[in-house]
Amino acid sequence: SSDQFSIKYTLEHKEITPEEIEKEQILRMRSILYETAYNWMHSLLFEAEGKEVHYYLTEDRKYDPDKLKDTEFCVFPAIKKIMEYLLEQHPELESYIKDLPLYGAYGELFDLAFPYRNRHGKITGFVKRSIEPDGVTITIKDGKVKENQRYDSITGLSKKDLFNLDKCFKQDTLVIAEGYPDAIYFSALGMKNIVAAGQGIL
């Protein structure tokens, strides 16, 4: 028994605060809205609105057009259009839609995007990518000029889990790439254990 071996233990019951409940609700609603937006934006990749992004992926990056449908690349249209679409699909979530983070640090310069999912497959936000191979030159608010900017991500994007980890269920070994596009594309080709670190710290 625990008395015999002088083992002392306590079971702590942590109270969940109203603030924590509200935060969890917000994250859950945002995940639903991001998923709705993603499905629509992915479909745009194969329509007239997405022709420039489609050209970049198939001609510049040489991705197989037939495999593109199995990837999670998508078009990121004007944020106003995204909000309008979400309001049409989920009018009951208007308050969450109005507060949904969609802007990044660099405004609306990038047309290519892909969702960032946590280990459970829930979208925590979007990473945006320039379709200019060398990126773009950006002047930020304080007047500083940043050259060759290829990536942006929406405000508050959580990267607690390695990118693409949700696709690697029950894998014994992981192949870690740096580039997100590599993980997306090789996963679509059938590679079940590839993740990406981006430029983040493991």
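Heavy atoms only: backbone and side chains are in, while hydrogens, waters and symmetry mates are out. All of these numbers come straight from a predicted model, not from anything done at the bench.
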Asks: Rounded to the nearest 0.5 Å, what separates atom CD1 in I194 from atom OG1 in T173?
Replies: 13.0 Å
Asks: More than 12 heavy atoms of other residues, nucleotides or ligands under 6.0 Å from CD of Q171: is that the case?
Replies: yes
Asks: Go through it in stages, so that I can follow the logic: the residues are F73 and Y63, the test is ring-ring contact (aromatic ring centres under 6.0 Å, His included), and I'd like the CA-CA distance, side-chain angles, deciding distance and then a yes or no.
Replies: CA-CA 11 Å; F73 291 114; Y63 291 162; 5.8 Å; yes
Asks: Please list, chain by chain and in numerical order, all residues satisfying ring pair (Phe, Tyr, Trp, His ring centres under 6.0 Å) with Y55, sequence neighbours excluded.
Replies: none
Asks: Of the non-hydrogen atoms in G50 and V75, which two are nearest, and what is the gap between them?
Replies: CA-CG2, 3.6 Å
Asks: Please enumerate all residues that pass side-chain hydrogen bond (donor to acceptor under 3.5 Å, both in side chains) together with T71, with sequence neighbours excluded.
Replies: none
Asks: Check F110 against Q149 and note the closest heavy-atom contact, atom names and distance.
Replies: CZ-O, 3.7 Å
Asks: For E92, what residues pass the side chain to side chain contact (heavy atoms under 4.5 Å, CB included) criterion, not counting sequence neighbours?
Replies: H90
Asks: Does any N or O in the side chain of S153 come within less than 3.5 Å of the main-chain N or O of V127, such that one atom is a donor and the other an acceptor?
Replies: no
Asks: Any side-chain heavy-atom pair from S130 and L109 closer than 4.5 angstrom?
Replies: no
Asks: Test side-chain contact (heavy atoms from CB on, under 4.5 Å) on L68 and L45 and set out the steps.
Replies: CA-CA 9 Å; L68 210 52; L45 187 55; 4.0 Å; yes
Asks: Check side chain to side chain contact (heavy atoms under 4.5 Å, CB included) between I21 and all other residues, then give those that pass, not counting sequence neighbours.
Replies: I16
Asks: Rounded to the nearest 0.5 Å, how far does CG of L165 lie from CG of N193?
Replies: 11.0 Å
Asks: Can you pull the salt bridge (charged side-chain N to carboxylate O under 4.0 Å, His left out) pairs that have at least one residue in residues 73-88, sequence neighbours excluded?
Replies: E49-K81
Asks: Run the ring pair (Phe, Tyr, Trp, His ring centres under 6.0 Å) test against F114 and tell me which residues pass, sequence neighbours left out.
Replies: F163, Y180
Asks: How long is the gap from NE2 on H42 to SG on C74, to the nearest 0.5 Å?
Replies: 8.5 Å
Asks: Where is the tightest heavy-atom contact between Y34 and P101, given as atom of each residue plus distance?
Replies: OH-O, 2.8 Å
Asks: How many angstroms lie between CG in N148 and CG in D134, if you round to the nearest 0.5 Å?
Replies: 6.0 Å
Asks: Does T58 reach the side chain of P65, with side-chain heavy atoms less than 4.5 Å apart?
Replies: yes
Asks: Going by the rule side chain to side chain contact (heavy atoms under 4.5 Å, CB included), which residues pair with E22 if we only count those two or more places apart in sequence or in a different chain?
Replies: I26
Asks: Quick one: side chain to side chain contact (heavy atoms under 4.5 Å, CB included) partners of M83, sequence neighbours excluded?
Replies: I79, I97, L102
Asks: Scan the side chains in residues 181-192 for donor-acceptor partners under 3.5 Å anywhere in the protein, sequence neighbours excluded, and list what turns up.
Replies:
{"unit_1": "Y185", "atom_1": "OH", "unit_2": "D64", "atom_2": "N", "d": "2.9"}

Asks: Are the side chains of N118 and I123 in contact, using a 4.5 Å heavy-atom criterion?
Replies: no
Asks: Given the rule in the side-chain contact (heavy atoms from CB on, under 4.5 Å) test, do V175 and V195 qualify, once you have shown the distances and angles that lead to the verdict?
Replies: CA-CA 6 Å; V175 175; V195 295; over 6 Å; no
Asks: Can you check whether E72 reaches K167 side chain to side chain, under 4.5 Å on heavy atoms?
Replies: yes
Asks: Kindly indicate whether the side chain of I131, heavy atoms from C-beta on, has any atom under 4.5 Å from the side chain of E52.
Replies: yes
Asks: Considering non-hydrogen atoms only, spot the tightest contact between I82 and W40 and give its length.
Replies: CA-CZ3, 3.9 Å
Asks: Test of understanding: with side-chain hydrogen bond (donor to acceptor under 3.5 Å, both in side chains), list the residues that count as partners of R30, not counting sequence neighbours.
Replies: none
Asks: Sequence neighbours excluded, which residues qualify as side-chain hydrogen bond (donor to acceptor under 3.5 Å, both in side chains) partners of E108?
Replies: none
Asks: Is any side-chain heavy atom of Y116 closer than 4.5 Å to a side-chain heavy atom of F126?
Replies: no
Asks: Testing the basics here: between A196 and L162, what is the closest heavy-atom pair and its distance to 0.1 Å?
Replies: O-CD2, 3.8 Å
Asks: Verify, without hydrogens or angle tests, whether D152 (side chain) and A105 (backbone) share a donor-acceptor contact under 3.5 angstrom.
Replies: yes
Asks: For residues M29 and L93, determine if any side-chain heavy atom of one lies less than 4.5 Å from a side-chain heavy atom of the other.
Replies: yes
Asks: Looking at K23 and E19, is any side-chain nitrogen of the basic one under 4.0 Å from a carboxylate oxygen of the acidic one?
Replies: no
Asks: Return the minimal non-hydrogen interatomic distance between K128 and I154, and the atom names on each side.
Replies: CE-CG2, 3.9 Å
Asks: Can you confirm whether D161 sits close enough to H120 that some side-chain heavy atom of one is under 4.5 Å from a side-chain heavy atom of the other?
Replies: no
Asks: How long is the straight-line distance from CD1 of I138 back to NZ of K146, given to the nearest 0.5 Å?
Replies: 8.0 Å
Asks: For Y56, give me all partners under side-chain hydrogen bond (donor to acceptor under 3.5 Å, both in side chains), at least two apart in sequence or on another chain.
Replies: R61, R129
Asks: Could you check whether any side-chain N or O of S31 sits under 3.5 Å from a backbone N or O of L27, counting only pairs where one atom can act as donor and the other as acceptor?
Replies: no
Asks: Rounded to the nearest 0.5 Å, how far does CG of L87 lie from CD of E94?
Replies: 5.5 Å
